[in-house]
Amino acid sequence: MPIIVNLDVAMAKKKMSLTELSEKLGISMTNLSLLKTGKVKGVRFATLEALCRALDCKPGDLLDID
């Protein structure tokens with residue numbers, strides 16, 4: 001059962017670009033892009049929290065399971 005990352009959906013709802021989110025969080029665009037495409041093996045809780053705060057969402061809005 002793969003984990004699905006819905007970062008692109010959350011970003012679209014807030015009309016936020018990858019560049020804007022990267023600058024806001026201080027996370028490289030490369031790392032955000034890898035996360036957005038689901039090509040990462042894990043994510044730190046601190047990163048997940050920062051994403052949720054920046055996008056005004058909950059972890060369940062960003063992660064799902066197939």
Side-chain angles (χ1 to χ4, degrees):
M1 287 187 273
I3 299 291
I4 299 166
V5 180
N6 293 317
L7 181 57
D8 53 344
V9 174
M11 289 170 52
K13 285 181 181 176
K14 291 295 177 180
K15 297 181 178 145
M16 190 176 296
S17 70
L18 197 62
T19 304
E20 187 179 352
L21 186 59
S22 172
E23 290 171 357
K24 192 170 190 174
L25 297 179
I27 297 174
S28 73
M29 283 188 47
T30 302
N31 285 338
L32 282 177
S33 181
L34 289 170
L35 180 60
K36 184 175 143 184
T37 57
K39 294 182 181 177
V40 295
K41 298 280 184 193
V43 60
R44 294 178 187 262
F45 283 135
T47 302
L48 186 58
E49 179 183 0
L51 286 166
C52 288
R53 289 188 188 282
L55 296 169
D56 190 31
C57 65
K58 294 183 180 184
D61 298 329
L62 299 177
L63 303 174
D64 201 357
I65 193 160
D66 187 21

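Heads up: numbering here begins at 1 and tracks the sequence.
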Nearest heavy-atom neighbours spanning Ala10 and Leu55: CB-CD1, 3.9 Å

Are the side chains of Leu63 and Val5 in contact, using a 4.5 Å heavy-atom criterion? yes

Taking side chain to side chain contact (heavy atoms under 4.5 Å, CB included) as the test, write out the residues that go with Lys24, two or more places apart. Met16, Ala54

Listed partners of Asn31 passing side chain to side chain donor-acceptor pair (under 3.5 Å), at least two apart: Ser28

Leu62 side chain reached by Asn6 side chain, heavy atoms, under 4.5 Å: no

Is there a chain of hydrophobic side chains (I, L, V, M, F, W, Y, each step under 4.5 Å between heavy atoms) that links Ile3 to Val9? no

Lys14 meets the salt bridge (charged side-chain N to carboxylate O under 4.0 Å, His left out) criterion, sequence neighbours left out, with Asp56

Enumerate donor-acceptor pairs with a distance under 3.5 Å from any side-chain N or O in residues 35-49 to protein atoms, sequence neighbours excluded.
residue: Thr37; atom: OG1; partner: Ser33; partner atom: O; Å: 3.0
residue: Thr37; atom: OG1; partner: Leu34; partner atom: O; Å: 3.2
residue: Glu49; atom: OE2; partner: Arg53; partner atom: NE; Å: 3.1
residue: Glu49; atom: OE2; partner: Arg53; partner atom: NH2; Å: 2.9

CG of Leu32 to CD of Glu20: how many Å apart, nearest 0.5 Å? 12.0 Å

May I ask you to test the Asp8-Leu18 pair for a side-chain heavy-atom distance under 4.5 Å? no

